[in-house]
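Everything below concerns the one structure shown next.
Both backbone and side-chain heavy atoms feed into the values below; hydrogens, waters and symmetry mates do not. Chain identifiers are assigned alphabetically (A, B, ...) following the order of the sequence lines, protein sequences preceding nucleic acid strands; residue numbering begins at 1 within each chain.
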There are 2 protein chains.
Amino acid sequence: MLSKKTQYAFHALTYLAENKDKGPVLISEISQERQISLKFLENILLELKKAGVLGSKKGKGGGYYLIKPPEEVKLAKVIRMLDGPIALLPCVSLNYYEKCENCQEEICGLNHVMAEVRDNTLKVLENKTLADVLRSSAS
Amino acid sequence: MLSKKTQYAFHALTYLAENKDKGPVLISEISQERQISLKFLENILLELKKAGVLGSKKGKGGGYYLIKPPEEVKLAKVIRMLDGPIALLPCVSLNYYEKCENCQEEICGLNHVMAEVRDNTLKVLENKTLADVLRSSAS
DNA sequence: CTAAAAGTCTACTAAAATGGTAGGGAATAT
DNA sequence: ATATTCCCTACCATTTTAGTAGACTTTTAG
């Protein structure tokens, strides 16, 4: 399951996407509109900024804004930034590979199946973007 | 990611599948062969028994054994038993559905995508079984 | 009947992850 | 100069994860 952090990130990002013409948006506005704890959201937006998804501006008239158009923000990237690996086993993770302790990969049958799961998952998450997730797109 | 518990469960189940002709297998044997903490493994096997996947026999000559042929043990079921939901959001989980707090499902674009991810994942995990994961099948 | 073998059960614990909070600091606009 | 707004470090409570301890029950063999 996605952590609250990642779920909140998606809420915030879609809010920013829906309001991208209004210039920088206050953390507090997103927090209110999407019912997310202000201080927690601060951390999340900061992470998204450091990861290169958001830009920010300080002082009056400041706030956060999307740095790229929604069509270019892949869902997979957002998940990886905040939750880490998407794969179900470390030994089949593309971005966070780690060797499994208890099995030799050559003869372990599980990793083949889990690699297949990973590919099927990424088929969606690498091709869908923020634009596919906007509220307005549902209407 | 799958928890250690579930990973160990798969190790144990494949071991039992590979040795299913030998009758009941000792916990201690599985523990040694697959390098899993004995006491932790005890808990796991007990859960698997309660969930109807394994049978057991006490006393000398006892141990655990598969109750169904490996071809009938779906990977999805094992994961759900030990780790819970497979979906990435509670509101698109088939077996552990919960309403999302922060979004109205009708207008939230995220759950459509996540339902698609879920379906793609289950396409694999509901159709692959223990038999697809045996070590011997790799040779 | 008894002893050994094996799974069963309850409870406990340490460490890590999760979700969230506090408060001051730095940059910027007016 | 000052109000505004994001930035940063640190902290905290709760839950989950991974594992351990030890007593108890069932079964088999002799």
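At the phosphate of C:dA6, neither OP1 nor OP2 sits under 4.0 Å from any side-chain N or O atom of B:Ser56.
With sequence neighbours excluded, the residues satisfying side chain to side chain contact (heavy atoms under 4.5 Å, CB included) with A:Thr121 are A:Ile86, A:Val117, A:Leu125, B:Val117, B:Thr121. Under the salt bridge (Lys or Arg N to Asp or Glu O under 4.0 Å) criterion, B:Glu71 pairs with no residue at all, not counting sequence neighbours. Contacts of A:Tyr8 classified as ring pair (Phe, Tyr, Trp, His ring centres under 6.0 Å), with partners at least two apart in sequence or in another chain: A:Phe40.
How far CG of B:Asp83 is from NZ of B:Lys4: 12.5 Å, rounded to the nearest 0.5 Å.
Atom CD in A:Gln7 sits about 8 Å away from atom P in C:dG19, given to the nearest Å. Protein atom NZ of A:Lys49 is 12 Å distant from nucleotide atom C1' of D:dT5, rounded to whole Å. Atom CG of A:Leu26 is separated from atom C1' of D:dC7 by 15 Å (rounded to the nearest Å). Counting to the nearest Å, the C1' atom of C:dA6 and the CG atom of B:Leu54 are 15 Å from each other. The CE atom of B:Met1 sits 16 Å away from the C1' atom of D:dT16 (whole-angstrom rounding). Between the CD1 atom of B:Ile44 and the P atom of D:dG19 there is a distance of 8 Å, rounded to whole Å. Atom CG of B:Leu48 is separated from atom P of C:dG7 by 14 Å (rounded to the nearest Å). With rounding to whole Å, A:Leu82 atom CG is found 11 Å from C:dG19 atom P.
A single hydrophobic cluster is seen to contain both B:Tyr15 and B:Met81, as judged by linkage of ILVMFWY side chains at heavy-atom distances under 4.5 Å, directly or through other members.
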### Query
Please walk me through it: do A:Leu54 and A:Leu66 pass side chain to side chain contact (heavy atoms under 4.5 Å, CB included)?
CA-CA 5 Å; A:Leu54 295 181; A:Leu66 282 174; 3.7 Å; yes
Please report, to 0.1 Å, the donor-acceptor pairs under 3.5 Å made by any side chain of residues 43-51 of chain A, with sequence neighbours excluded.
from	atom 1	to	atom 2	distance (Å)
A:Glu47	OE2	A:Lys5	NZ	2.7
A:Lys49	NZ	A:Ser56	OG	3.1

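For B:Lys77 and B:Glu126, the salt-bridge test fails: no basic side-chain N is under 4.0 Å from an acidic carboxylate O.
A donor-acceptor contact closer than 3.5 angstrom links the side chains of A:Thr14 and A:Arg34.
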### Base versus backbone protein contacts along nucleotides 20-30 of chain C [heavy-atom cut-off under 4.0 Å; B, S, -]
BBBB---SBS-
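Across all strands, B:Leu45 comes closer than 4.0 Å to no nucleic acid atom at all (heavy-atom distances).
Taking every heavy atom of residues 73-80 of chain B and every atom of DNA chain C, no pair lies under 4.0 Å.
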